[in-house]
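Heavy atoms only: backbone and side chains are in, while hydrogens, waters and symmetry mates are out. Just so you know, residue 1 is the first one in the sequence shown, and it goes up from there.
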Amino acid sequence: MTKQLPEILKIETIAKTRIFEVQTVDLRFSNGEERIYERLTPQRRSSVLVIPIQNNELIFIKEYAVGPERYELSFPKGIVDAGEEPVESANRELQEEIGFGAKKLDFLRSLYSGPSHMYGLMHVFVAEDLYPSKLRGDEPEPLEIIRYPLNKIDELLADPSFAESRNLSALFMLRDYLKEKNK
């Protein structure tokens with residue numbers, strides 16, 4: 001049985017910054033209950049996360065994350081620009097963040113991060129057959145490139161300092177992708 005979507009009674013912007021907009025959304029559920037939810041800007045631009053592999057190594061970047069106020073190990077990622085397909089964005093982000101393009105980009109799946117409070121659709125790709133190619137990015141400082149042995153994915157998954165959920169999800173998907181590929 002398909003549940004009926006709640007009725008949106010009112011949407012109001014309660015805060016706006018250069019990057020974010022916070023809205024309240026007044027809802028009435030099918031059982032008559034009413035609630036007020038808050039969400040970040042409902043923009044419908046998706047993003048990409050790319051898992052680059054070269055010479056049996058994963059390529060990460062080390063980038064400052066203002067949320068936890070520390071440098072985080074991360075895969076290249078970014079917003080899908082207007083007029084771009086996700087696969088084009090994936091290749092652009094690779095060139096901006098690690099200085100490589102990819103001749104082979106395999107789509108793994110799309111996932112939402114934090115759907116209770118924002119749109120947050122992210123497309124995850126595996127990039128192989130890399131070639132040197134550098135595009136200028138928008139990072140405020142040079143990104144540190146970190147290589148990690150592909151055969152040590154399980155160690156990385158168990159490392160408590162590697163805790164960003166999108167990167168963890170990507171690694172689990174990569175592990176399954178590699179098992180299927182090596183059958």
Side-chain angles (χ1 to χ4, degrees), residues 17-20 40-41 43 45-115 118-178 181:
T17 71
R18 182 176 56 83
I19 298 173
F20 297 107
L40 292 174
T41 181
Q43 71 167 343
R45 290 176 61 195
S46 60
S47 61
V48 294
L49 180 144
V50 190
I51 307 167
I53 300 173
Q54 184 182 50
N55 300 325
N56 288 314
E57 293 179 317
L58 297 167
I59 303 175
F60 290 94
I61 56 172
K62 200 163 212 178
E63 183 174 37
Y64 184 72
V66 72
E69 298 176 0
R70 67 182 196 178
Y71 282 89
E72 291 281 333
L73 196 59
S74 178
F75 290 114
K77 60 189 171 319
I79 298 291
V80 175
D81 287 343
E84 272 185 328
E85 292 297 319
V87 70
E88 295 169 316
S89 298
N91 208 27
R92 177 181 48 76
E93 289 295 337
L94 281 174
Q95 294 171 74
E96 290 176 0
E97 296 188 4
I98 67 168
F100 285 98
K103 292 179 184 172
K104 183 179 181 205
L105 281 159
D106 286 337
F107 172 74
L108 293 183
R109 72 170 292 166
S110 298
L111 51 94
Y112 288 97
S113 61
M118 63 185 179
Y119 178 67
L121 180 63
M122 179 171 271
H123 310 286
V124 181
F125 292 88
V126 173
E128 296 177 282
D129 200 5
L130 305 181
Y131 59 91
S133 180
K134 182 76 176 150
L135 292 175
R136 183 179 170 92
D138 59 0
E139 286 71 31
E141 64 181 355
L143 299 173
E144 184 180 351
I145 306 298
I146 307 289
R147 292 178 174 266
Y148 198 89
L150 191 58
N151 64 357
K152 294 190 175 185
I153 288 176
D154 289 337
E155 289 177 27
L156 192 56
L157 286 168
D159 185 341
S161 69
F162 186 73
E164 204 270 330
S165 63
R166 296 172 299 175
N167 290 301
L168 283 167
S169 296
L171 268 187
F172 278 112
M173 287 186 275
L174 175 65
R175 190 172 62 179
D176 291 347
Y177 168 85
L178 293 173
K181 184 178 171 182

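- In this structure, the side chains of Tyr64 and Glu69 come closer than 4.5 Å at one or more pairs of heavy atoms.
- Interatomic distance, Gln95 CD to Phe100 CZ, rounded to the nearest 0.5 Å: 11.0 Å.
- Ala102 approaches Leu130 most closely through the heavy-atom pair CB-CD2, 3.7 Å.
- The shortest non-hydrogen separation linking Arg45 to Ile79 is NH2-CG2, 2.8 Å.
- Rounding to the nearest 0.5 Å gives a distance of 6.5 Å between CZ of Arg147 and CG of Asn55.
- Closest of all the heavy-atom pairs between Phe162 and Leu73 is CE1-O, 3.7 Å.
- Salt-bridge formation is detected for the pair Asp81/Arg92: a Lys NZ or Arg NE/NH1/NH2 atom is positioned less than 4.0 Å from an Asp or Glu carboxylate oxygen.
- Atom CG of Asn56 is surrounded by 12 or fewer heavy atoms from other residues, nucleotides or ligands within 6.0 Å.
- Between Ile61 and Ile145 there is a side-chain heavy-atom pair separated by less than 4.5 Å.
- Minimum heavy-atom separation, Val48 to Pro86: CG1-O, 3.5 Å.
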Does Phe60 form a ring pair (Phe, Tyr, Trp, His ring centres under 6.0 Å) with Phe75? I'd like the steps, not just the answer. CA-CA 5 Å; Phe60 290 94; Phe75 290 114; 4.4 Å; yes
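- Scanning all heavy atoms of the two residues, the minimum distance from Glu93 to Gly78 falls at OE2-CA, 3.5 Å.
- Here the straight-line distance linking atom OH of Tyr148 with atom CG of Leu171 works out to 9.0 Å at 0.5 Å rounding.
- Residues Asn167 and Glu72 are not in side-chain contact: their nearest non-hydrogen atoms beyond the backbone lie 4.5 Å or more apart.
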Before giving the answer on side chain to side chain contact (heavy atoms under 4.5 Å, CB included), spell out for Ile153 and Leu58 the whole-Å C-alpha distance, their side-chain angles and the decisive distance to 0.1 Å. CA-CA 9 Å; Ile153 288 176; Leu58 297 167; 4.2 Å; yes
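- Taking a 6.0 Å sphere around NZ of Lys134, one finds it holds more than 12 heavy atoms contributed by other residues, nucleotides or ligands.
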Check the pair Ile98, Val50 against side chain to side chain contact (heavy atoms under 4.5 Å, CB included), reporting the backbone distance first and the verdict last. CA-CA 11 Å; Ile98 67 168; Val50 190; over 6 Å; no
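- Atom OH of Tyr131 sits about 9.0 Å away from atom CG of Leu94, to the nearest 0.5 Å.
- No option in Ser110, Ser47, Ser89 other than Ser110 meets the side chain to side chain donor-acceptor pair (under 3.5 Å) test with His123.
- Using a cut-off of 4.0 Å between Lys/Arg side-chain N and Asp/Glu carboxylate O, Glu164 and Lys77 are scored as not salt-bridged.
- Nearest approach of Leu105 to Ala127, heavy atoms of both residues: CD2-CB, 3.6 Å.
- Between the CZ atom in Arg166 and the CE atom in Met122 there is a gap of 4.5 Å [rounded to 0.5 Å].
- At least one side-chain heavy atom of Arg175 sits under 4.5 Å from a side-chain heavy atom of Asp154.
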I would like to know whether Phe107 and Val87 meet side chain to side chain contact (heavy atoms under 4.5 Å, CB included); could you show each step before the answer? CA-CA 8 Å; Phe107 172 74; Val87 70; over 6 Å; no
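- Side-chain contact between Leu135 and Glu96: present, with at least one pair of heavy atoms (C-beta onward) separated by less than 4.5 Å.
- Side chains of Leu150 and Leu174 form a contact here, defined as non-hydrogen atoms less than 4.5 Å apart.
- Summarising the geometry, atom CG belonging to Leu178 is positioned 8.5 Å from atom CD1 belonging to Ile51; distances are rounded to the nearest 0.5 Å.
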